[in-house]
Amino acid sequence: MLRWELQLHALVEAALSEIGVDLEGVEFAVERPQVDSFGDFSTNAALVTFKKMSKSPRDLANQVIGTKAFAEFPHVQSYEIAGPGFINFYMKPSHLYSQIVEVLAEKEENFARSDLGKDEKVQVEFVSANPTGPLHIGNGWWAAYGDALSRVLKRCGYDVSKEYYVNDTGGQIRSLGRSILSRKAGTSPPEDGYQGRYVVDLANRYEGELEDEAAGRWAASVIISEIKQSLESFGVHFDVWYSQASIEESGAVEETIAELDSKGYVYENDGALWLKSTELGDARDRVLRKSNGDFTYLAGDIAYHRNKFLVRHFDRVIDIFGADHHGQVASQKAAMKALGIDPSRLEILLGQMVSVMESNEVVKMSKRAGTSIPLSFVVEKIGVSATRILCLSSSLDKATVLDLNKAVERSMENPAFYVQYAHARIFSLLKNASERGLTLDASLEVNLSPLSHPREIRLMKDITMLPEVVEVAARERAPHKVATWLKALAASFHGFYHDCPVLAEGVDLTLATSRLALVRATQIALRVGLDLVGAEAVEEM
RNA sequence: GCCCCUGUAGCUCAGUGGAUAGAGCAACUGCCUUCUAAGCAGCAGGUCGUAGGUUCGAAUCCUACCGGGGGCGCCA
C-alpha cells in the first residue's frame, strides 16, 4: 500500500535539499496530528533545521512550501504553516479512497505486510516456565506478548522461530520429586518444596522408583506435556522445545567452558570455576562450575545461547523473561562478548511482574507456595481471545495488577468484547447485504467518492494506519500497540455503524456500495489486527 | 548501598520530543417501529509523583528527591 507518511517524508527531504538545508545529524518527522484541524499530516522539518539556516522556523517553512518539489507534488490540496513552524498537509480526499481500494485488493493475506525484517533470522524465546507446576496467569501474560511479537515480526518479513527452554534438570526438579515423594508417603512437602494441590495428584499417579531425581523427572515430563497442551489451546505454538538436560548431556557445556577458557576468561578459585565477567561489563564474576563439580544454571544457559548463535546461526535472539531474571542479563551479555558474539544481537526483554487482586488482596504468583492463579482459570471464564487482548492491554514495562473479579465477571472491563463486537457487526452486515443482492464488484471498480462523513473519514484514516502501527510494533518490540490500535479502530467503526447506515431505506445505491466497500476494508484490517494479537474474529455475539 | 522498571482522571491503563494529554470501567443525562443497544452521543472528572535543568517546544530527555515493584546466590 502506498504510504503517505513516507511519500511526504521524501517530498520534504527533496524540498530541503533544494533550498540547501544540510540534513546531516538531524531527523525530522512526518506524523499524523492528534487534532484534525492540523491537517492530515504534519512535519516539524522547519523546527529541527532552522538553526542551520539562521532563519526563523516559520520563514524557513515558508521557503519549504515554496519549493519546486512542493509545487510538483500532486496529491496535496493545501499546505499551511502553523504554530511555531509546523507545515501541515491537507490531502485531497482521493488520497484515502485509493488506499482503501488497495486494502480491498491486498486482502487479509497482504495488507499491512512489510519487508522490514527481510532475510533476518530471529529467534524469540519466551515463557520457558519451569516444569514444576501448571502455567499461571503471569506466564500467560508473557506468552500472549511473546506470541504476538512473533506474529508481528513475521508479518514484517522476519524469519521467526519460537522457542521454549525447558528447565528439566537441576535442584528444582529434585525438589519437585521430593515434594511428590512426601505426598506419596502421606506427609507434607518440605517447607521449600512445592505446596500446590497438583502435587498430590501427581503423587497419586506416580509408580516409579522412590528417588527424588527420578520422581522429579517423571513429574516434569507430565507437567511439560500439560503446559504444551495449555499453550496450544491458548493459541500459542512453539516451533522448538529445547531441553536443558539435553544441553548438559550433549557435552556442550564443557565445550563452551573450554572455549571461554581458551580465550582467557576462566579461572579457578575456592575449588570452583569462574567466568571473568567483571571485565566484560558485569557487576561481578560468576561461577560456572561449583566446587561440588556441578555446572551452574548460568553455565548451561551460556552453552544454550552459544548454541543459538554459533550452531543454529540466528542473526538475532529475543528473550522475554520475567523481571526476576534481571540479574542474568549482564552475565549473559558478558558471556556472549567473551565468545565473540556481538551482545547487541541478544535482546533480553524483561516483563515486570504480574500479580492478581483477589477480594481486595494482592496475590503474588508462587508455584512453591501454591498461590498461583492458573492461566486456564481465566481462559475458562472469558475465553482465549479476551484473555489475550487483556494481556496486551499494557506494556511489558508495567507491573500489572489484574483485578480478577473484574476480569472474569464483568466482561465490559475487557476491551476484547468491544473489538470483537465490531467484527460481529461487520460479519452480520456483510451477510445481510449479500442476502439483499448487494455485493462488491470483484474488479474493485468501486467509487468511494461519496464517503465524506466525518465518521467515514475517521474510519478510513484508522484503517490505513495499520501498516505503520505494525512496523512500529515490530521495531519497538511492542506488540501491545496493535491491541491499542484495534480498540481505536473498533471505536471508529462503532461510530460509523451508528451514523452511516448501509442497508437502510433512503440510502442510494452509490452510497450504499461505497459504504459496503468501507465495511469490507474495515473487516480486512480488523482481521489482520486480531490475528496479530492471537484473537479470534468472531462472527456472532 | 548499587542496578532495572514504574508513578498520567475515582479505578485499570494508552500516549516516550510536538500544537488543545486520551480510552475503557465507575457516576450522571439522552438515543432502539431502522444493518446486533456487548452500541452511539452528551456531561463530569487532570499540580502527568515533587523540584530543578536541557529545548523553539517536555507527561516524554537529564539531575536530585519521594512513593511502589523487581534484582544484586557455588538457586533456577
Side-chain angles (χ1 to χ4, degrees), chain A residues 29 31 33-35 37-38 42-44 46-48 50-51 56-58 82-86 88 130 132 167 169-173 175 192 244 269-274 283-284 286-292 294-298 300-301 322-330 350-353 355 357 364 390 393-403 406-407 410-415 417-418 420-422 424-433 436 455 476 480-481 483-484 487-488 490-491 493-507 512 515-516 519 540-541:
Chain A
E31 50 196 13
Q34 285 184 16
V35 192
S37 63
F38 294 144
S42 130
T43 183
N44 60 357
L47 287 159
V48 298
F50 72 96
K51 278 185 189 155
S56 81
R58 291 189 66 112
F86 291 102
N88 295 339
N130 292 339
T132 52
N167 301 150
T169 180
Q172 47 164 1
I173 295 298
S175 170
D192 60 349
Q244 181 184 3
N269 190 28
D270 290 340
L273 214 55
W274 294 72
R284 42 165 298 182
R286 308 283 170 177
V287 173
L288 294 169
R289 198 182 61 216
K290 308 177 200 173
S291 47
N292 71 4
D294 287 350
F295 293 116
T296 56
Y297 176 83
L298 176 67
D301 210 22
D324 52 341
H325 290 72
H326 169 64
Q328 288 167 228
V329 177
L350 295 177
Q352 298 301 311
M353 307 313 271
S355 49
M357 173 91 77
K364 282 192 188 167
L390 182 66
S393 63
S394 72
S395 91
L396 207 58
D397 292 333
K398 188 94 77 177
T400 308
V401 180
L402 176 67
D403 189 326
K406 279 191 182 174
R410 308 166 81 158
S411 54
M412 274 315 295
E413 186 73 12
N414 196 308
F417 297 103
Y418 183 77
Q420 289 189 302
Y421 185 47
R425 278 179 146 181
I426 289 171
F427 186 83
S428 155
L429 178 47
L430 291 175
K431 197 171 115 203
N432 289 337
R436 294 182 203 190
R455 300 287 207 177
E476 296 179 3
H480 71 284
K481 295 200 172 196
T484 305
K487 292 174 217 169
F493 177 76
H494 286 307
F496 162 83
Y497 186 90
H498 186 265
D499 287 353
C500 304
V502 181
L503 301 174
E505 305 259 332
V507 179
R515 281 182 176 165
L516 189 70
V519 170
E540 233 170 40
M541 277 180 82

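Naming: A, B, ... by sequence-line order, numbering from 1 per chain.
- No side-chain heavy atom of F295(A) sits under 4.5 Å from any side-chain heavy atom of L288(A).
- Residue S291(A) places a side-chain atom within donor-acceptor reach of the base of C74(B), judged by atom type and a 3.5 Å distance cut-off alone.
- Side-chain contact check for M541(A) versus F427(A): every heavy-atom pair is 4.5 Å or farther apart.
- Here Q172(A) lies in heavy-atom contact (under 4.0 Å) with sugar-phosphate atoms only.
- Between the P atoms of A9(B) and C4(B), the separation comes to 26 Å (whole Å).
- Side-chain contact between T400(A) and Q352(A) is absent, with no heavy-atom pair separated by less than 4.5 Å.
- Here G1(B) sits opposite C72(B) as a Watson-Crick or G-U wobble pair (both hydrogen-bonding atom distances under 3.5 Å).
- Q328(A) places its CD atom 17 Å from the P atom of G70(B), with the value rounded to the nearest Å.
- A283(A) comes within 4.0 angstrom of nothing in the nucleic acid, heavy atoms only.
- You'll find the side chain of L47(A) reaches within 4.5 Å of the side chain of P84(A), heavy atoms only.
- Each of C4(B), G73(B), U36(B) was ranked by its minimum atom distance to the side chain of A424(A); first place goes to U36(B).
- Nucleic acid contact for P501(A): base, since at least one base atom lies under 4.0 Å from a heavy atom of the residue.
- Counting non-hydrogen atoms under 4.0 angstrom, D294(A) reaches nothing in the nucleic acid.
- Take the nearest nucleotide of RNA chain B for R286(A) and for Y297(A): the residue whose nucleotide is more 5' is R286(A).
- Taking the C1' atom of each, A14(B) and U54(B) are spaced 27 Å apart, rounded to whole Å.
- Here E505(A) lies out of heavy-atom contact (under 4.0 Å) with every strand.
- Of the candidates N167(A), T132(A), N130(A), Q172(A) forms a side chain to side chain donor-acceptor pair (under 3.5 Å) with just one, namely N130(A).
- One can place NE2 of H494(A) at 14 Å from C1' of C35(B), the figure rounded to the nearest angstrom.
- Backbone-only engagement by G327(A) is indicated by non-hydrogen atom pairs under 4.0 Å involving sugar-phosphate atoms exclusively.
- Nucleic acid contact for R289(A): none, since no nucleic acid atom lies under 4.0 Å from a heavy atom of the residue.
- Contact between the side-chain N/O atoms of R284(A) and the OP1/OP2 oxygens of G73(B) is found at a separation under 4.0 Å.
- At a threshold of 4.5 Å between non-hydrogen side-chain atoms, the residues R286(A) and T296(A) do not count as touching.
- Across C74(B), A76(B), C35(B), the shortest atom-to-atom separation from the side chain of N167(A) is found for A76(B).
- With a glycosidic angle more than 90° from 0, C48(B) adopts the anti conformation.
- One can place CG of N292(A) at 13 Å from C1' of C75(B), the figure rounded to the nearest angstrom.
- Distances shorter than 4.0 Å separate some side-chain N or O of Y418(A) from OP1 or OP2 on C40(B).
- Distance check on atom C1': G39(B) versus C32(B) gives 10 Å, rounded to whole Å.
- For G7(B), the paired nucleotide is C66(B), the pair qualifying as Watson-Crick or G-U wobble because both relevant distances are below 3.5 Å.
- Residue R455(A) is in sugar-phosphate contact alone, with no base atom involved, counting any heavy-atom pair closer than 4.0 Å across all strands shown.
- L503(A) places a side-chain heavy atom less than 4.5 Å from the side chain of L429(A).
- The distance from atom CG of D324(A) to atom P of G70(B) is 10 Å, rounded to the nearest whole Å.
- One can place NE2 of H325(A) at 10 Å from C1' of C75(B), the figure rounded to the nearest angstrom.
- As rounded to the nearest Å, A64(B) and G24(B) have C1' atoms that lie 36 Å from one another.
- Spacing between U6(B) and A41(B) at atom P, rounded to whole Å, works out to 32 Å.
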Subject >> Annotated protein contacts, base or backbone, on nucleotides 13-19 of chain B with a non-hydrogen cut-off under 4.0 Å, one of B, S, - each >> reply: SSSS-BB
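- Atom pair F493(A):CZ and C35(B):C1' shows a separation of 9 Å (rounding to whole Å applied).
- Nucleotides G7(B) and A44(B) place their P atoms 28 Å apart, quoted to the nearest Å.
- Here the P atom of nucleotide G70(B) and the CD atom of Q352(A) are 10 Å apart, to the nearest Å.
- Nucleotide C40(B) has G30(B) as its partner under the Watson-Crick or G-U criteria, with both atom distances under 3.5 Å.
- Checking the phosphate oxygens (OP1, OP2) of A37(B), a side-chain nitrogen or oxygen of R425(A) falls inside 4.0 Å.
- Nucleotides C35(B) and G45(B) place their P atoms 36 Å apart, quoted to the nearest Å.
- Nucleotide G22(B): paired with C13(B) (Watson-Crick or G-U wobble, both distances less than 3.5 Å).
- A donor-acceptor contact closer than 3.5 angstrom is absent between the side chains of R455(A) and H498(A).
- Note: OH (Y497(A)) to P (U34(B)) measures 11 Å, nearest angstrom.
- Annotation for V287(A) and A272(A): closest pair CG1-CB, 4.2 Å, computed over non-hydrogen atoms.
- The shortest side-chain heavy-atom distance between L516(A) and L430(A) falls under the 4.5 Å cut-off.
- In this structure, the nucleotide among A76(B), G70(B), G73(B) sitting nearest to the side chain of K290(A) is A76(B).
- A gap of 13 Å separates the P atoms of A59(B) and A51(B), to the nearest Å.
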